[in-house]
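Read the structure below first, then the notes.
Counting from 1, the numbers follow the sequence of the chain as shown. Keep in mind it's a predicted model, so treat the numbers as computed, not measured. Whatever order the structure lists ligands and atoms in, that order sets their numbers, starting from 1.
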Amino acid sequence: MQIYLVGGAVRDKLLGVATQDRDWVVVGGHPDQLKALGYQQVGADFPVFLHPQTKEEYALARTERKTGLGYQGFSVEFDSSVTLEEDLARRDLTINAMAEDDQGRLIDPFNGKADLDKRRLRHVSPAFREDPLRVLRIARFAARFHHLGFTIAKDTQDLLRLMADSGELQHLVAERVWTEMSRALGETTPSEYFKVLKRCTALAGLFPELDRLFGVPQTMRWHPEVDTGLHTLKALDWARAQTDDVEVLLATLCHDLGKGLTEATMLPSHHGHEQLGANLLRDIAKRMKWPKGPALLAETVARHHTLCHRLSEQSPVAVLDLLKNLNAFRQPSRVEQFGLACAADFYGRSGFERFNYPQRDLLSRYASACLTIAAAPFVQQGLTGKAIGAAMDQARVELLTELIGTDV
Ligand SMILES: Nc1ccn([C@@H]2O[C@H](COP(=O)(O)OP(=O)(O)OP(=O)(O)O)[C@@H](O)[C@H]2O)c(=O)n1
């Protein structure tokens with residue numbers, strides 16, 4: 001029995017970046033051997049074992065790589081004659097198909113190291129198609145390594161397109177898609193995930209409401225150049241630079257979904273897109289099986305995000321409504337999450353640098369967004385709408401003064 005380090009850990013070591021976890025492959029081993037050594041099998045159908053101390057994953061070498069949720073009932077035949085090369089050949093990308101032996105020697109039959117050097121994401125073989133989730137994985141790796149200059153090889157782009165066009169991604173179970181998307185939101189350049197899926201046409205099947213935003217013009221006053229899809233992605237990258245909170249990032253991604261529906265009738269103002277988007281999000285969250293927390297924040301941000309743009313016009317009743325929708329009385333942290341997603345909407349405006357807004361203006365708008373909902377404690381004390389309004393005004397002035405360093 002031989003054991004090799006494989007996959008992400010080998011790739012990340014060569015790339016000189018921190019790795020998340022280490023995976024091992026066991027060649028020529030038998031499940032009973034591993035169990036006798038104290039390894040614990042994970043899942044009845046799956047040849048993966050947890051190391052008794054480190055709890056790292058040790059997988060028996062195999063020639064079938066369908067993984068995870070959605071393949072219940074699928075069992076992998078155990079075959080101790082599978083070689084390391086055969087196992088590596090069925091992996092997704094060449095940069096993920098390298099191994100290291102116990103002497104630290106690299107085993108790289110598919111030139112993964114050369115692809116790392118060329119900053120290239122390239123699939124290993126036609127076996128890539130065994131798991132349609134890999135289309136999403138490639139998009140996620142593109143989002144993770146975009147800042148290092150990685151691009152997707154032409155052949156691999158063609159394959160992604162082929163798989164998307166064939167409709168095979170429609171069979172993916174919602175939970176797997178959510179896991180990939182939520183991980184992608186936390187990658188360094190999350191916009192790349194959606195750009196890759198858009199380019200290969202997968203986005204239209206996976207998330208049609210988001211796909212529809214591309215080509216929908218923004219309100220001219222704020223966004224003279226870009227369409228709503230590009231505005232959304234710009235906002236998302238800005239939000240990611242501030243936080244890795246998936247709830248905020250999902251809410252930022254979804255804040256303008258209603259504009260896909262207002263295009264025909266309500267341009268140029270997109271009047272009513274907030275309500276339409278929020279209603280849409282209820283159905284989307286159910287269909288895509290998003291967890292409750294992220295779904296709730298996304299819906300509330302969609303419904304109320306424009307409130308921050310016209311803060312001075314808001315009545316305490318409107319703010320109260322927002323606080324209730326946010327569930328801010330039970331979860332005060334939602335206040336800041338909301339403010340951050342609204343700030344991302346603001347920073348995502350096209351040509352925003354060109355407008356040359358002074359820094360203090362941007363800061364004050366962001367602060368205002370946070371402060372509007374910072375009224376929560378006052379509401380908790382049972383104050384009336386009028387008193388809340390007065391308290392908010394006072395709080396807003398105080399924070400702005402502190403942030404800007406001058407009287408407002
Ligand atoms: N659908 C999949 C899932 C995984 N793998 C292979 O299994 C390895 C481990 O998978 P995973 O832990 O999901 O990915 P990592 O490459 O380790 O990336 P991360 O840093 O995101 O964990 C991958 O490197 C890849 O070789 C694959 O080929 N196809």
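- At under 3.5 Å, a nitrogen or oxygen of R134, whether backbone or side chain, sits near a nitrogen or oxygen of ligand 1.
- In summary, the atoms of ligand 1 found under 4.0 Å from a heavy atom of G7, numbered by their order in the structure, are 24 (O).
- Side-chain atoms of D155 and H123 include no donor-acceptor pair closer than 3.5 Å.
- Between the side chains of W24 and E57, no donor-acceptor pair of N or O atoms lies under 3.5 Å.
- Checked by atom type, the side-chain pair Q337/D245 shows a donor-acceptor distance below 3.5 Å.
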Would you check, one step at a time, whether the test side-chain hydrogen bond (donor to acceptor under 3.5 Å, both in side chains) holds for E274 with T306? CA-CA 8 Å; E274 303 91 337; T306 51; 2.6 Å; yes
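- The closest heavy-atom contact to atom 26 (O) of ligand 1, among the options D87, N96, L93, comes from N96.
- The R140 neighbourhood of ligand 1 comprises atoms 21 (O), with distances under 4.0 Å to a heavy atom of that residue.
- Heavy-atom separations between L133 and ligand 1 are all 4.0 Å or longer.
- H255 and H304 are not linked by any side-chain donor-acceptor pair at a separation below 3.5 angstrom, with hydrogens and angles left out of the test.
- Here is the list of ligand 1 atoms found below 4.0 Å of a heavy atom in D23: 9 (C), 12 (O), 17 (O).
- Contacts of F141 with ligand 1, taken as heavy-atom pairs under 4.0 Å, involve the side chain alone.
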Given ring pair (Phe, Tyr, Trp, His ring centres under 6.0 Å), test F49 with Y39 step by step and report yes or no. CA-CA 6 Å; F49 298 81; Y39 288 76; 7.1 Å; no
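- Contact annotation: for D92 versus ligand 1, heavy atoms closer than 4.0 Å belong to both the backbone and the side chain.
- The closest approach between a heavy atom of R183 and any atom of ligand 1 is below 4.0 Å.
- Taking distance alone, with nitrogen or oxygen atoms compared against 3.5 Å, R144 approaches ligand 1 more closely than that limit.
- Side-chain N/O atoms of S166 and E168 include a donor and acceptor closer than 3.5 Å.
- Relative orientation of the W290 and W178 rings is tilted, given thresholds of 30° and 60° on the angle between their planes.
- Here atom 10 (O) of ligand 1 lies nearest to R137 when heavy atoms of E180, R91, R22, R137 are compared.
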